[in-house]
Amino acid sequence: MAVRLCDVASLLRSGSWAAEPWTGQVIAAMETQLSNRLTCNNTSNGPSTISHNCSSPVESGSIEDSKTNLIVNYLPQNMTQEELKSLFGSIGEIESCKLVRDKITGQSLGYGFVNYMDPKDAEKAINTLNGLRLQTKTIKVSYARPSSASIRDANLYVSGLPKTMTQKELEQLFSQYGHIITSRILVDQVTGVSRGVGFIRFDRRIEAEEAIKCLNGQKPPGATEPIMVKFANNPSQKTSQALLSQLYQSPNRRYPGPLAQRFSRFSTMAIDGVTSLAGINIPGHVGTSWCIFVYNLAPDADEGILWQTFGPFGAVTNVKVIRDFNTNKCKGFGFVTMTNYDEAAMAIASLNGYRLGDRVLQVSFKTNKTHKA
DNA sequence: TGAGATT
């Protein structure tokens, strides 16, 4: 099986995401000022090389920002709002929780918001859940900015990049026009070589607009060909398009649908270990879940450790650490609920006998001893 | 010609 225990071990804080140190949004008057500072004199007389004489943008900041409201990105596609609440509720009391879904299709857009009652819990959630691996995703947890039009649609699609250009170089190129939230260069999955396309998400729309004006059709330093810079499609457009094409196209299936699923659970196992982690629902188990008994947990074990340990194996819907009523210390065992049999079985096979801290776990399906008298 | 970050 392709699941490696070192992956599980690496969960325990790889620090893969830094929390955005960022503290706020800029008032409208500053936007004009910023816009003026960054104005370039790009003429449309064809490609030329880019000069780097623009000044750096000001850092935005405000004490008004919420210290309780978090944005959670890169959630697994099949994760529900209830699971999101369960995961973040293990840190502290939640005031509200929302998984963002496509308005038309209802599909998860892969991100959500969690608002805590106590700012300390929000901070703790960033420290403990940011970078958590869930299925094939590594979630990112950071403070949410107050929603406003100025921060929307600030995502750029860049193509024609030199294949040798690194993410850092891409950021250097674009950072002169504003504060970059995320950047990415797409690579060939087999060779790892750049595909010459990437994405830059700016803090604010005006920064993205300025970058398009200044960089579209220009040659990066040392490049022989000009790059194309434009606004990226947003996810709701894509899901809407997919819905439309489903409605209007012939019934030929391009993706594994109900037919493939009829091969039952082995279809998810046979392809490779990664596919089996993708959270494909298995007919016959819809509406059921699989409860896993985890024994030999340390006294200080908490729900977070169970999420971290089982989350990478598939859809986890709930975790529970059994505690002593008086001391509140873990009594040495807990339970994990998973949606899919394959994923639960994989987790058990991989984690039974696994060393967690100074203890060797015993992991099995929960047996039906039912209730105590 | 493409991942998924502002309710």
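Bear in mind that the values here come from a model prediction, so they are computed numbers and not experimental data. Per chain, numbering begins at 1; letters A, B, ... match sequence-line order. Below, each value reflects all heavy atoms present in this structure, side chains not excepted, and no hydrogens, waters or symmetry copies.
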Any side-chain N or O of [X] less than 4.0 Å from the OP1 or OP2 oxygen of [N]?
X: A:K140; N: B:dG4; value: no
X: A:R152; N: B:dT7; value: yes
X: A:S147; N: B:dT7; value: yes

Cluster partners of A:V187, using ILVMFWY side-chain heavy atoms under 4.5 angstrom, listed by chain and number?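 None; A:V187 is a cluster of one.
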Ignoring hydrogens and angles, are the base of [N] and the side chain of [X] linked by a donor-acceptor pair under 3.5 Å?
X: A:N69; N: B:dT7; value: yes
X: A:R145; N: B:dT6; value: yes
X: A:N155; N: B:dA5; value: no

Whole-Å distance between [N] [atom2] and [X] [atom1]?
X: A:I139; N: B:dA5; atom1: CD1; atom2: C1'; value: 14 Å
X: A:K103; N: B:dT6; atom1: NZ; atom2: C1'; value: 11 Å
X: A:F88; N: B:dT7; atom1: CZ; atom2: P; value: 18 Å
X: A:Y111; N: B:dA5; atom1: OH; atom2: C1'; value: 7 Å
X: A:D102; N: B:dG4; atom1: CG; atom2: C1'; value: 12 Å
X: A:L156; N: B:dA3; atom1: CG; atom2: P; value: 16 Å
X: A:Q189; N: B:dG2; atom1: CD; atom2: C1'; value: 13 Å
X: A:F231; N: B:dT1; atom1: CZ; atom2: P; value: 21 Å

When clusters are formed by joining ILVMFWY residues with side-chain heavy atoms under 4.5 Å apart, either directly or through shared neighbours, do A:V197 and A:I227 land in the same one?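 In one cluster with A:V197: A:I227, no.
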Going by 5.5 Å between centroids and 30° between planes, is there a stack of A:Y157 over B:dT1?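 Not stacked by the 5.5 Å and 30° rule.
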Set of residues satisfying side-chain contact (heavy atoms from CB on, under 4.5 Å) with respect to A:F335, sequence neighbours excluded: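 side-chain contact (heavy atoms from CB on, under 4.5 Å) list for A:F335, sorted by chain: A:C291, A:F293, A:I322, A:F333, A:K366.
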Residue list, side-chain contact (heavy atoms from CB on, under 4.5 Å) with A:N69, at least two apart or on another chain: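 Once residues adjacent in sequence are excluded, the partners of A:N69 under the side-chain contact (heavy atoms from CB on, under 4.5 Å) criterion are A:S66, A:F113, A:N115, A:A144.
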When you get a sec, tell me which of [options] is the closest nucleotide to the side chain of [X]?
X: A:N234; options: B:dA5, B:dG4, B:dT6; result: B:dG4
X: A:A232; options: B:dT6, B:dA5, B:dA3; result: B:dA3
X: A:N73; options: B:dA5, B:dG2, B:dT6; result: B:dA5

Residues two or more places apart in sequence or in another chain: which of them pass side-chain hydrogen bond (donor to acceptor under 3.5 Å, both in side chains) with A:N318?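 Result, side-chain hydrogen bond (donor to acceptor under 3.5 Å, both in side chains) vs A:N318: A:S86.
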Looking at A:F174 versus A:F199, is the centre-to-centre ring distance below 6.0 Å?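 No, too far apart.
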Any carboxylate oxygen within less than 4.0 angstrom of a Lys/Arg side-chain nitrogen, looking at A:E209 and A:K213?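 Between A:K213 and A:E209 there is no salt bridge, as every charged N stays at least 4.0 Å from the carboxylate O atoms.
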Under 4.0 Å, counting only non-hydrogen atoms across every strand here, what does A:K137 touch: a base, just sugar-phosphate, or nothing?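 It contacts sugar-phosphate atoms only.
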If you look at every strand shown and take non-hydrogen atoms under 4.0 Å, does A:I71 touch a base, only sugar-phosphate, or nothing?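 Here A:I71 touches the bases of the nucleic acid.
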Specify the residues of residues 194-202 of chain A, ordered by number, for which at least one heavy atom lies under 4.0 angstrom from an atom of DNA chain B.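 Heavy-atom cutoff 4.0 Å gives A:R195, A:F199, A:R201.
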Salt bridge (Lys or Arg N to Asp or Glu O under 4.0 Å) involving A:R201 - partner list, sequence neighbours excluded: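 If we apply the salt bridge (Lys or Arg N to Asp or Glu O under 4.0 Å) test to A:R201, skipping adjacent residues, there are no hits.
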